[in-house]
Amino acid sequence: QVQLVESGGGLVQTGGSLRLSCAASKSIFSVVAMGWYRQAPGKQLELVATITSGGTTNYADSVKGRFTISRDAAENTVYLQMNSLKPEDTAVYYCNTRTPKEYWGKGTLVTVAS
């Protein structure tokens with residue numbers, strides 16, 4: 001019954017910034033980690049960033065130093081701050097929350113114009 005809803009996607013110029021948000025429709029308990037994944041046209045789904053319940057973060061090498069993942073204290077909302085965007089960042093971005101059960105959002109499109 002829990003749904004994740006992403007927001008903040010859109011069109012941005014190369015070098016610009018965008019912040020994605022993902023909120024759960026209801027409280028989620030026993031969260032292990034939250035994260036962001038993306039799928040570019042013709043490419044496989046890839047990990048972008050994750051943050052554990054303890055606050056440990058992990059980033060794909062391609063976004064390290066440019067993207068920052070964060071969450072609220074309740075661990076029901078996760079954010080992705082994207083800076084210095086490149087055309088290759090264009091993709092549908094999906095949020096994920098992991099407990100004993102895994103939840104996924106439906107995705108939000110980010111398009112970076114060259």
For the hydrophobic clusters of this structure (ILVMFWY residues joined by side-chain heavy atoms under 4.5 Å, transitively), does one cluster hold both Val31 and Ile51?
yes
Taking the side chain as every heavy atom from C-beta outward, state whether Met82 and Leu20 have any atom pair closer than 4.5 Å.
yes
Path from Leu109 to Leu45 over hydrophobic side-chain contacts below 4.5 Å
yes
Would you mind reporting whether Phe29 and Thr99 have side-chain heavy atoms less than 4.5 Å apart?
no
Would you find more than 12 non-hydrogen atoms of other residues, nucleotides or ligands less than 6.0 Å from Gln3 atom CD?
no
Which heavy atom of Ile69 sits nearest a heavy atom of Gly35, and at what distance?
CD1-CA, 3.9 Å
Rounded at 0.5 Å granularity, tell me how far NZ in Lys86 sits from OG in Ser114.
14.0 Å
Using the rule that Ile, Leu, Val, Met, Phe, Trp and Tyr join whenever any side-chain heavy atoms are under 4.5 Å apart, tell me whether Val92 and Val78 fall into a single cluster.
no
Given the rule that I, L, V, M, F, W and Y join up when any side-chain heavy atoms are under 4.5 Å apart, are Tyr103 and Leu80 in one cluster?
yes
Calculate, to the nearest 0.5 Å, the distance between atoms OG and CZ belonging to Ser62 and Phe67 respectively.
7.5 Å
Between OG of Ser21 and CD of Gln81, what distance do you get to the nearest 0.5 Å?
9.5 Å
Is there a donor-acceptor pair under 3.5 Å between the side chain of Arg71 and the backbone N or O of Ser53?
yes
Closest heavy-atom pair and its distance - Ala24, Val2
CB-CG1, 4.4 Å
Can you confirm whether Val12 sits close enough to Asp89 that some side-chain heavy atom of one is under 4.5 Å from a side-chain heavy atom of the other?
no
Quick one: are Arg66 and Tyr59 in side-chain contact, heavy atoms under 4.5 Å?
no
Per side chain to side chain contact (heavy atoms under 4.5 Å, CB included), Tyr93 is matched among Glu6, Arg38, Gln39 by Arg38
Considering non-hydrogen atoms only, spot the tightest contact between Pro100 and Ser30 and give its length.
CD-O, 4.0 Å
Side chain proximity check, Met34 to Leu4, heavy atoms < 4.5 angstrom:
no
Are Tyr94 and Trp36 connected in the hydrophobic side-chain network, where two residues link if heavy atoms are under 4.5 Å apart?
no
Hey, does the side chain of Asn76 reach the backbone of Ser27 with a donor-acceptor pair shorter than 3.5 angstrom?
no
Under 4.5 Å between any side-chain heavy atoms of Thr14 and Pro87, yes or no?
yes
Taking the side chain as C-beta and beyond, is there a heavy-atom pair between Asn96 and Glu102 under 4.5 Å?
yes
From OH (Tyr79) to CG (Asp72), nearest 0.5 Å:
5.5 Å
